[in-house]
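What follows is a single structure, written as structure tokens, with notes after it.
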Amino acid sequence: MKIGVLALQGAVAEHIRSLEAAGAEAVAVKQKEQLQELDGLVLPGGESTTIGKLMRKYDFIDAIRAFSGEGKPVFGTCAGLIVLADRIDGQEEAHLKLMDMTVARNAFGRQRESFETDLSVKGIDEPVRAVFIRAPLIKEVGPGVEVLSTYNDEIVAARQGHLLAASFHPELTDDYSLHAYFVRMAKERAAHATN
Ligand SMILES: NC(=O)CC[C@H](N)C(=O)O
């Protein structure tokens, strides 16, 4: 599987390393034309406002929406989760508007700006090591969205068909299980696709 990591801003190299550890070929994506050769796309953490602006500037919004429209898997982590969401709490405009959920940015407050924990994630046998950095929360999900993980009763990972979202940074640890889960999603899509 060839998986791209959107390389406009944020934690790109770490995702590439984790995807390779999970058995995929991984490339940094700087131009929308590169999407054509990919089986899946990761939207990394960073600063969602900046990533959103750069996505508009380099014409990625429609290109990624079309990529997703073909059923190709997209995985948003932290700021990438915010970029995927249909609705952002307190903001008028969202970015890609692909996942039926409302997210709240910087939802853990100042005292808990960053922390690490082990999470139980549906579909993954072992606990997943998760690093939260000024992380968003998923406040509310639509009927087509499956909750995969919660932390203190708040939603921190979810899936809507071929779309996967996590509030935390799975790429900042040596635990590749969530990347392996995403690579499996890409394999399943490739096995069923006719194009
Ligand atoms: N680590 C992160 O990706 C932080 C996300 C950032 N707080 C935002 O709102 O975009």
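Numbering of ligands and ligand atoms starts at 1, following listing order. Computed from a predicted structure; not experimentally measured.
Contact check for V42 versus V12: no side-chain heavy atoms found under the 4.5 Å cut-off. Looking only at side-chain heavy atoms (C-beta outward), L81 and V103 come within less than 4.5 Å of each other.
Ligand-side atoms of ligand 1 in range of E47: 6 (C), 8 (C), 10 (O), range being under 4.0 angstrom from any heavy atom. Close contacts of ligand 1 with S48, meaning ligand atoms under 4.0 Å from a residue heavy atom, involve 8 (C), 9 (O), 10 (O). For ligand 1 and G45, the ligand atoms under 4.0 Å from any heavy atom of the residue are 3 (O). Near H169, meaning under 4.0 Å from any of its heavy atoms, are these atoms of ligand 1: 1 (N), 2 (C), 3 (O).
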Could you check D100 against R87 for salt bridge (Lys or Arg N to Asp or Glu O under 4.0 Å), going step by step and ending with a plain yes or no?
-> CA-CA 8 Å; D100 186 6; R87 296 167 298 278; 3.0 Å; yes
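The shortest N/O to N/O separation between G46 and ligand 1 falls below 3.5 Å. For a threshold of 3.5 Å applied to N or O pairs, the pair formed by I133 and ligand 1 contains at least one separation below that value. Backbone and side-chain nitrogen or oxygen atoms of T77 are examined, and none is located within less than 3.5 angstrom of a nitrogen or oxygen of ligand 1. Residue I82 has no nitrogen or oxygen atom sitting less than 3.5 Å from a nitrogen or oxygen atom of ligand 1, judged on distance alone.
Considering only non-hydrogen atoms, atom 8 (C) of ligand 1 lies nearest to R105 out of E113, R105, R134.
At the top of the distance list for atom 2 (C) of ligand 1, counting protein heavy atoms only, stands C78 SG, 2.7 Å. For atom 7 (N) of ligand 1, the closest heavy atom belonging to the protein is N106 OD1, 2.6 Å.
Between F182 and F75, the two ring planes are tilted [angle within 30° to 60°].
Partner of R129 under the side chain to side chain donor-acceptor pair (under 3.5 Å) criterion, out of D175, D118, T173: D118 alone.
The minimum heavy-atom distance linking M101 with A85 is given by the pair O-CB, 3.9 Å.
Annotation: E37, atom CD; neighbour count of heavy atoms from other residues, nucleotides and ligands within 6.0 Å is above 12.
The salt bridge (Lys or Arg N to Asp or Glu O under 4.0 Å) search around D174 returns R17, not counting sequence neighbours.
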